[in-house]
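First up is the structure itself, then whatever we jot down about it.
All residue numbers refer to positions in the sequence shown, counting from 1. Because the structure is predicted, anything quoted here is derived from the model rather than measured.
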Amino acid sequence: MNGISTPQDSRAREPGAQTYSVNHKYKQLVRILRHLRDDLHKIQPQLAMPTVAMLEHMVFNCPLPMLQGDNWQQIIDRSLHYLIDHLDPVTGDDEVFLRSDVDEPLFPNEELFDAQDAYLFARALLEQQQDLT
């Protein structure tokens with residue numbers, strides 16, 4: 001993977017990437033997505049839903065600039081678009097996704113929640129959000 005810039009590379013280069021406020025933003029986004037996931041499950045119970053741990057891994061892979069600003073709807077939209085673009089089965093590259101707890105690829109994983117499941121979840125969640133606005 002030489003020459004490929006991963007989301008973790010961009011975060012590592014950001015000044016203060018390990019500060020409380022950045023970590024708080026990531027954790028807050030996970031909390032929001034967890035609530036949105038639960039709402040989505042009521043509407044689409046057949047859709048594979050990620051665990052909280054999987055949501056953490058997915059959000060961890062979003063570059064820091066996706067979380068800039070105070071408008072949470074924009075942060076959610078940017079993050080979901082990033083996930084969709086990079087998980088797309090035709091044009092995406094799911095190999096850039098890493099676990100947040102160890103330096104290993106996110107897919108495949110022990111949760112049996114694969115890149116296709118993550119892609120479909122992110123698309124459904126984005127569509128739900130667009131229907132609400």
Side-chain angles (χ1 to χ4, degrees):
M1 289 186 24
N2 288 342
I4 297 175
S5 176
T6 65
Q8 293 75 21
D9 293 339
S10 64
R11 265 200 312 281
R13 288 191 295 264
E14 295 288 336
Q18 298 301 317
T19 65
Y20 170 79
S21 62
V22 171
N23 289 332
H24 179 74
K25 279 269 190 155
Y26 278 105
K27 289 178 183 185
Q28 183 64 28
L29 181 56
V30 170
R31 281 193 291 272
I32 291 169
L33 291 179
R34 185 186 77 224
H35 291 292
L36 295 175
R37 175 205 63 188
D38 295 345
D39 292 342
L40 180 63
H41 182 66
K42 294 174 188 172
I43 299 167
Q44 296 188 35
Q46 76 289 358
L47 185 67
M49 298 291 166
T51 63
V52 173
M54 182 58 67
L55 282 173
E56 289 174 358
H57 295 312
M58 291 166 59
V59 167
F60 170 78
N61 283 278
C62 292
L64 183 59
M66 300 286 156
L67 280 73
Q68 298 300 317
D70 294 324
N71 184 326
W72 281 100
Q73 189 59 54
Q74 287 179 350
I75 292 170
I76 293 165
D77 289 348
R78 285 191 304 254
S79 299
L80 290 173
H81 278 288
Y82 177 84
L83 292 171
I84 291 166
D85 290 345
H86 289 81
L87 292 167
D88 186 291
V90 177
T91 61
D93 183 12
D94 63 13
E95 291 181 11
V96 300
F97 285 85
L98 299 175
R99 295 176 54 107
S100 60
D101 52 353
V102 292
D103 191 21
E104 294 178 4
L106 181 55
F107 305 109
N109 56 64
E110 68 279 354
E111 294 188 27
L112 303 178
F113 188 82
D114 62 15
Q116 177 72 15
D117 293 330
Y119 172 74
L120 293 173
F121 168 76
R123 277 193 44 199
L125 197 55
L126 183 62
E127 289 171 9
Q128 178 195 35
Q129 291 302 295
Q130 291 172 339
D131 289 346
L132 296 175
T133 57

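Evaluation of the side-chain contact (heavy atoms from CB on, under 4.5 Å) rule for Leu67 yields Lys25, Tyr26, Leu29, Cys62, Ile75, Ser79 as partners, not counting sequence neighbours. Scored by the side-chain contact (heavy atoms from CB on, under 4.5 Å) test, Ala122 finds Leu80, Leu83, Ile84 as partners (sequence neighbours excluded). Scored by the side chain to side chain donor-acceptor pair (under 3.5 Å) test, Arg34 finds no partners at all (sequence neighbours excluded). With sequence neighbours excluded, the residues satisfying side chain to side chain donor-acceptor pair (under 3.5 Å) with Asp101 are Arg99. Here Asp88 pairs with Val90, Thr91, Tyr119 under the side-chain contact (heavy atoms from CB on, under 4.5 Å) rule; sequence neighbours left out. Legend: residues meeting side-chain contact (heavy atoms from CB on, under 4.5 Å) with Asp103, ordered by chain and number and at least two apart, are Leu98.
The shortest heavy-atom contact between Leu112 and Asn109 is N-OD1, 3.2 Å. What you find for Ile43 and Gln128 is that their closest heavy atoms are CD1-NE2, 3.6 Å.
Here the straight-line distance linking atom CZ of Arg78 with atom CD of Gln68 works out to 8.0 Å at 0.5 Å rounding. From Gln130, atom CD reaches atom CG of Asp77 across 6.5 Å, with rounding to the nearest 0.5 Å. Here the CG atom belonging to Leu33 is positioned 10.0 Å from the CD atom belonging to Gln28, to the nearest 0.5 angstrom. The CG atom of Leu126 sits 9.5 Å away from the CG atom of Asp131 when rounded to the nearest 0.5 Å. Atoms CZ and CE, from Phe113 and Met49 in turn, are 8.5 Å apart once rounded to the nearest 0.5 Å. Here the CG atom belonging to Leu40 is positioned 5.5 Å from the CG atom belonging to Leu47, to the nearest 0.5 angstrom.
Put simply, the side chain of Asn23 never gets that close to the backbone of Lys27: no donor and acceptor are under 3.5 Å apart.
The closest side-chain heavy-atom distance from Phe97 to His57 is not below 4.5 Å. Between Phe121 and Met54, the closest side-chain pair of non-hydrogen atoms is not below 4.5 Å.
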Item to check | Step-by-step side-chain contact (heavy atoms from CB on, under 4.5 Å) determination, Phe60 to Leu106 | outcome: CA-CA 11 Å; Phe60 170 78; Leu106 181 55; over 6 Å; no

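Contacts classified as salt bridge (charged side-chain N to carboxylate O under 4.0 Å, His left out) and involving residues 112-124 (residues at least two apart or in different chains) are given here: Arg123-Glu127. Each side-chain hydrogen bond (donor to acceptor under 3.5 Å, both in side chains) pair with one or both residues in residues 36-54, not counting sequence neighbours, appears once here: Thr51-Glu111.
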